[in-house]
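Beneath this line is the structure, given in structure tokens, with notes to follow.
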Amino acid sequence: MAGDTIESVWIGSRKQPLKSPPAVIAATLEGKRIVRVHRAGKHIVFDLEGEVPPKQGARAVRGQTRQAASLQTAQWIVHLGMTGRMVVSEPAAELVKHTHLIAKLASGRELRFIDPRMFGKLSVHAGGFDPGGVEPLEVSEERFLELFRGRKTPIKSALLNQKLLRGVGNIYADESLFQAGIRPQKRAAAITRERLAKLHRAVGEVLREAIALGGSSISDYVDADGEEGFFQLQHRVYGREGEPCPVCRTAIRRVVLSGRSSHYCPKCQK
DNA sequence: ATACCGACCTGTCAGC
DNA sequence: TGCTGACAGGTCGGTA
């Protein structure tokens, strides 16, 4: 995407996936060059740059000298929610149901946002978007330990709290806790430093392995090229209730914790 | 401040 | 075949 320019934007009639008004999103994206696409937690971030339009707002202030061709920057933030997909398509590609936004690019390609359940979110920012929390792949062990200090909440809930650690979702929380040998229900504050240090390493290992395999395609997930991931084949506990633990063959259990299914091995995880 | 719980949506699948 | 209910990669706001 980097280097391509958004020429025009079509937005569907459903408003649910939008955090910013559709007209604002369209106006912010159109004519902008995509400088960089990166990720912050679960958010996809498009750094945009464009010329300041010649006529801004309803009225130009009389007598004010306009800056010559200054650059305007903005950020487009995309959160895929549960079933969101951002895919690069040829214009001729079939228009699938639940397509909510199409951005036509100067290269002739299209960037499409598809989301059946509409839990995804699109927004635009002038810049300085703050996703909150720390990156699990960058945080030091010391800072990681601090995140959970004194928290009485179950460790699973703390892992899912995006204000603490950003980017860990239900699958990766369960898989990391299995790898670290910690029960999801265990109170965060009651976990030893050594065990939390192990969790720190486990989160990193699980995420790196998942990323290397292209993510977990359970029903909807595909990457920007429409390719499915394969990490779902490596899930040790997630979605495996009743199946034998890969380590000790004990049946995997499922409990509901703060509204989310949590899977664990009752023997390996204490 | 903190912690559950329903709400937000559509789709799929198991069970009857 | 078709109905119903449970469940699904997430987050938010209300209530206790």
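Order of the sequence lines fixes the chain letters, A, B, ..., with proteins taken first and strands second; residue numbering starts at 1 for each chain.
- At the phosphate of C/dG10, neither OP1 nor OP2 sits under 4.0 Å from any side-chain N or O atom of A/His79.
- Applying the ring pair (Phe, Tyr, Trp, His ring centres under 6.0 Å) criterion to A/Phe148, with sequence neighbours excluded, gives A/Phe144.
- Residue-level contact check: A/Asp220 touches the bases, meaning some heavy atom is under 4.0 Å from a base atom.
- The ring pair (Phe, Tyr, Trp, His ring centres under 6.0 Å) check on A/Phe129 picks up A/His43, A/His125, with sequence neighbours excluded.
- Among the protein residues, A/Arg85 comes within range of no part of the nucleic acid, since none of its heavy atoms lies under 4.0 Å from any strand.
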*Which dot-bracket string describes DNA chain B (Watson-Crick N1-N3 plus N6-O4 or O6-N4, or G-U N1-O2 and O6-N3, all under 3.5 Å; [ ] crossing; | other strand)?*
.|||||||.|||||||
*For side chain to side chain contact (heavy atoms under 4.5 Å, CB included), just list the numbers for A/Val88 and A/Glu110, CA-CA rounded to whole Å, side-chain angles, deciding distance to a tenth of an Å, and then say yes or no.*
CA-CA 6 Å; A/Val88 181; A/Glu110 291 182 354; over 6 Å; no
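- Here, C/dG5 and B/dG6 have their P atoms 16 Å apart, quoted to the whole Å.
- Between A/Lys121 atom NZ and C/dG13 atom P there is a gap of 10 Å when expressed in whole angstrom units.
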*asked:* A/Gln269 vs A/Ile182, test: side chain to side chain contact (heavy atoms under 4.5 Å, CB included). Steps then yes/no.
replied: CA-CA 5 Å; A/Gln269 295 172 255; A/Ile182 304 168; 5.5 Å; no
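- For the pair A/Ser261 and C/dA8, the criterion of a side-chain N or O lying under 4.0 Å from OP1 or OP2 is met.
- Residues A/Ile211 and A/Ile218 fall within the same hydrophobic cluster, defined by Ile, Leu, Val, Met, Phe, Trp and Tyr side chains chained together at heavy-atom separations under 4.5 Å.
- Listed by first and then second residue, the salt bridge (charged side-chain N to carboxylate O under 4.0 Å, His left out) pairs involving residues 251-260 of chain A are A/Glu241-A/Arg254 (not counting sequence neighbours).
- For the ring pair (Phe, Tyr, Trp, His ring centres under 6.0 Å) test, residues two or more places apart in sequence or in another chain that qualify with A/Phe231 are A/Tyr172, A/His235.
- The salt bridge (charged side-chain N to carboxylate O under 4.0 Å, His left out) pairs that include a residue from residues 24-47 of chain A are A/Arg33-A/Glu49, A/Arg36-A/Asp47, A/Arg39-A/Glu135, where partners are two or more places apart or lie in different chains.
- Of the side-chain N and O atoms in A/Lys42, one or more sit less than 4.0 angstrom from OP1 or OP2 of C/dG10.
- Listed by first and then second residue, the salt bridge (charged side-chain N to carboxylate O under 4.0 Å, His left out) pairs involving residues 201-222 of chain A are A/Glu209-A/Arg236 (not counting sequence neighbours).
- Checked against ring pair (Phe, Tyr, Trp, His ring centres under 6.0 Å), A/Phe178 has no partners two or more places apart in sequence or in another chain.
- Using P as the reference atom, C/dG14 and B/dC9 are 16 Å apart when rounded to the nearest Å.
- Within residues 205-217 of chain A, the residues that have a heavy atom under 4.0 Å from DNA chain C are, in order of number, A/Ser216.
- A/Arg109 and A/Ser107 share a donor-acceptor pair across their side chains, judged by distance under 3.5 Å alone.
- Residue A/His98 has a polar side-chain atom (N or O) positioned under 4.0 Å from OP1 or OP2 of B/dG11.
- With both ends at atom P, the span from C/dT1 to B/dT10 equals 26 Å, rounded to whole Å.
- Checking the phosphate oxygens (OP1, OP2) of B/dG11, a side-chain nitrogen or oxygen of A/Lys97 falls inside 4.0 Å.
- Between the CG atom of A/Leu80 and the P atom of B/dC9 there is a distance of 19 Å, rounded to whole Å.
- Rounded to whole Å, the distance from CE on A/Met118 to P on C/dC12 is 17 Å.
- Between the CG atom of A/Leu164 and the P atom of B/dT2 there is a distance of 10 Å, given to the nearest Å.
- Using a 4.0 Å heavy-atom distance criterion, A/Gly169 is classed as a sugar-phosphate-only contact.
- Among residues at least two apart or in separate chains, there is no side-chain hydrogen bond (donor to acceptor under 3.5 Å, both in side chains) pair with a member in residues 90-101 of chain A.
- Taking for each of A/Ser258 and A/Arg117 the nucleotide of DNA chain C with the nearest heavy atom, the 5'-most of the two is the partner of A/Arg117.
- Here the P atom of nucleotide B/dT10 and the NE2 atom of A/His100 are 9 Å apart, to the nearest Å.
- Spacing between B/dC5 and C/dA6 at atom P, rounded to whole Å, works out to 16 Å.
- Here B/dA1 presents its C1' atom at 10 Å from NZ of A/Lys152, a figure rounded to the nearest Å.
- Contact annotation for A/Thr83: no contact, since no heavy-atom pair falls under 4.0 Å across all strands.
- Considering only side-chain N and O atoms, A/Arg260 lies under 4.0 angstrom from the phosphate OP1 or OP2 of C/dG10.
- A/Lys163 places its NZ atom 12 Å from the C1' atom of B/dT2, with the value rounded to the nearest Å.
- Remark: ring of A/Phe119 overlaps the six-membered base ring of B/dC8 in a stacked fashion, centroids less than 5.5 Å apart, planes less than 30° apart.
- Heavy-atom distances under 4.0 Å link DNA chain C to A/Asn170, A/Ile171 of residues 170-187 of chain A, given in residue order.
- For residues 177-198 of chain A, no pair satisfies salt bridge (charged side-chain N to carboxylate O under 4.0 Å, His left out), with sequence neighbours left out.
- In this structure, A/Met82 atom CE and C/dC7 atom P are separated by 13 Å, rounded to whole Å.
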